[in-house]
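Here the structure comes first, spelled out in structure tokens, and everything after it is commentary.
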Amino acid sequence: MTITSPHLGSPSAWTDARLLYALEEVVETELNRHLKVAKDWMPHEYVPWTDGRNFPGQFEDGEAWDKEQSKVTELGRIALVVNLLTEDNLPSYHHEIASLFGRDGAWGTWVHRWTAEEGRHGIVMRDYLLASRAVDPDQLERFRMAHMSEGFESDNRHSMLHSVAYVAFQELATRISHRNTGHQSGDPVCDRMLARIATDENLHMVFYRNLLKAAFELAPDLTMQAVRDVVVNFRMPGHGMPGFERAAAQMAIGEVYNLRIHHDDVLQPVLRFLKVMEIDGLGPEGRQAQEELGLFLGGLDAEALKFDEKLAARKARLAARAAG
């Protein structure tokens, strides 16, 4: 499918405004498809309210938090906090995409729908964490205040195409992180909650992935350059939160999210669907971006292999220590 319009002028002179106009019909189609398959769900139905009790403060009978009260594993607790703090910055995300995509027409309808759906994620995760006493509530609130006070500015805020490319990968990365956190949490209630959130994230990924596909058909060279830039410089949106580097390292070792997962389960599925490395007919800049993307992926796979080997060696040492 190639979209053309007599009002757009030469494809070599694409601007964000022209691309937004050209892709409006695709956004409307994808929005209608999304609304047909997305299922409304109630956050409160996923929270174990009967596990809840008062914390100290305004209630004389409040019980102080202790990690022994939690059903969640240590790794699960670390990943849950990272995932929730990421969701907490929704106001900044909304501001950014509303500024890039606009608030009118199909683009605006999608911006608001996406924000409403994402809002459920922070609601249900925080309610679960507090009701189940999975984390220290005081520390969680301090982290939230620190993280949100910094705000969020995407590395891709300069370009609509870069932003679409980024979220196509990032939504899948978030889905994978939530699902693996649920698996590692040790609590079936948590696992079910995060599975529900992951379903939303997957639908969001499909929306942006299909939009990126249309962009490739419309402006292949520019889109290829955007994909290369995003993949090479990819960072998760939580990178600015307190203690993120340490938490990310623990999540990598615990196989919630690491280089191998990023390469195999996030980058490759989207790139294969779009057949990015098979696109031909590109101009010089598009071909260069495609070649650089291929080289980067090869290097990333090699780095992931080194990580796999280190992780396997670590597991072997732990197993030997346990056996001894």
Side-chain angles (χ1 to χ4, degrees), residues 65-89 121-122 124-126 128-130 132-148 150 152 169-195 197-198 201 233-267 300-322:
W65 180 81
D66 186 282
K67 68 178 182 179
E68 297 302 319
Q69 299 164 354
S70 173
K71 300 175 184 177
V72 171
T73 62
E74 180 66 18
L75 174 60
R77 183 160 43 251
I78 292 166
L80 279 162
V81 170
V82 169
N83 291 351
L84 175 56
L85 291 178
T86 300
E87 300 286 355
D88 276 335
N89 251 340
H121 304 167
V124 71
M125 290 179 69
R126 176 164 281 99
Y128 165 81
L129 291 176
L130 296 180
S132 67
R133 290 187 168 240
V135 301
D136 180 345
D138 294 343
Q139 185 183 58
L140 182 65
E141 178 60 11
R142 285 192 290 268
F143 280 170
R144 187 191 70 84
M145 286 295 295
H147 188 42
M148 291 192 70
E150 289 294 320
F152 174 80
F169 295 106
Q170 187 269 324
E171 293 282 6
L172 182 53
T174 305
R175 170 187 178 259
I176 296 296
S177 181
H178 282 312
R179 284 304 289 127
N180 288 343
T181 298
H183 295 329
Q184 300 282 3
S185 69
D187 181 9
V189 175
C190 180
D191 196 19
R192 285 193 297 272
M193 172 192 66
L194 292 176
I197 293 174
E201 303 289 10
N233 300 297
F234 187 88
R235 295 195 296 174
M236 290 292 273
H239 59 80
M241 68 180 59
F244 178 77
E245 288 75 14
R246 176 175 171 78
Q250 292 169 301
M251 290 167 68
I253 293 171
E255 298 180 88
V256 171
Y257 200 93
N258 56 38
L259 279 180
R260 174 55 62 200
I261 292 169
H262 181 63
H263 178 276
D264 291 2
D265 300 337
V266 176
L267 297 182
L300 184 64
D301 188 40
E303 288 297 313
L305 180 59
K306 292 178 183 177
F307 177 83
D308 292 342
E309 292 170 349
K310 290 179 180 178
L311 189 59
R314 182 179 185 276
K315 289 179 178 179
R317 288 195 304 272
L318 292 174
R321 194 178 305 164

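Here the structure is a predicted model, which is why all the values come from computation and not from measurement. Keep in mind that the numbers below use all heavy atoms, side chains included, and drop hydrogens, waters and symmetry copies.
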Legend entry - Non-hydrogen atoms of A173 and V266 that approach each other most closely: CA-CG2, 3.8 Å

Inset, instruction - Could you tell me which residues satisfy salt bridge (Lys or Arg N to Asp or Glu O under 4.0 Å) with K71, sequence neighbours excluded, listed by chain and number? - result: D51

Inset, instruction - Carefully, step by step, assess T174 and H121 under the rule side chain to side chain contact (heavy atoms under 4.5 Å, CB included). - result: CA-CA 11 Å; T174 305; H121 304 167; over 6 Å; no

Legend entry - Heavy-atom check, side chain of R179 versus side chain of D191, under 4.5 Å: yes

Inset, instruction - Find the distance between NE2 (H183) and CG (L75) and round it off to the nearest 0.5 Å. - result: 12.5 Å

Inset, instruction - Could you tell me which residues satisfy side-chain contact (heavy atoms from CB on, under 4.5 Å) with K310, sequence neighbours excluded, listed by chain and number? - result: none

Legend entry - Non-hydrogen atoms of A198 and R175 that approach each other most closely: O-CG, 3.6 Å

Inset, instruction - Over all heavy atoms of both residues, which pair between V81 and F143 is shortest? Give the atoms and the distance, please. - result: CG1-CD1, 4.0 Å

Inset, instruction - Report yes if the side chains of N83 and I197 come closer than 4.5 Å at any heavy-atom pair, otherwise no. - result: no

Inset, instruction - Count the heavy atoms belonging to other residues, nucleotides or ligands that lie under 6.0 Å from CD of E141, then report whether that count exceeds 12. - result: yes

Legend entry - For the student: nearest non-hydrogen atoms of V72 and A134, plus distance: CG2-CB, 3.9 Å

Inset, instruction - Output the distance between atom CG (D301) and atom CG (D264), rounded to the nearest 0.5 Å. - result: 7.0 Å

Inset, instruction - For A304, enumerate each residue passing the side-chain contact (heavy atoms from CB on, under 4.5 Å) test, keeping only those at least two apart in sequence or located in another chain. - result: L259, R260

Inset, instruction - Just do the side chain to side chain contact (heavy atoms under 4.5 Å, CB included) check on E255 and N180 with the steps written out, would you? - result: CA-CA 8 Å; E255 298 180 88; N180 288 343; over 6 Å; no

Legend entry - Student check: side-chain heavy atoms of L311 and D308 closer than 4.5 Å: no

Legend entry - Non-hydrogen atoms of A247 and V82 that approach each other most closely: CB-CG2, 3.6 Å

Legend entry - Set of residues satisfying side-chain contact (heavy atoms from CB on, under 4.5 Å) with respect to A79, sequence neighbours excluded: T181, M251, V256

Legend entry - Residue pairs fulfilling salt bridge (charged side-chain N to carboxylate O under 4.0 Å, His left out) with at least one residue in residues 234-252, sequence neighbours excluded: D155-R235

Legend entry - Within-4.5 Å side-chain heavy-atom neighbours: L80 and C190: yes

Legend entry - Heavy-atom side-chain proximity of D187 to Y128 below 4.5 angstrom: yes

Legend entry - Minimal non-hydrogen separation, L85 against H147, with atom names: O-CD2, 3.2 Å

Legend entry - side chain to side chain contact (heavy atoms under 4.5 Å, CB included) evaluation trace for T86 with M236: CA-CA 9 Å; T86 300; M236 290 292 273; over 6 Å; no

Inset, instruction - Test M148 against N89 for side chain to side chain contact (heavy atoms under 4.5 Å, CB included), laying out the working first. - result: CA-CA 6 Å; M148 291 192 70; N89 251 340; 3.8 Å; yes

Inset, instruction - Just jot down the side-chain contact (heavy atoms from CB on, under 4.5 Å) partners of D138, sequence neighbours excluded, or say none. - result: D136, R142

Legend entry - Test: E303 and K306 ion pair at under 4.0 Å: yes

Inset, instruction - For the pair F234 and F169, name the ring-plane relationship: parallel under 30°, tilted 30 to 60°, perpendicular over 60°. - result: perpendicular

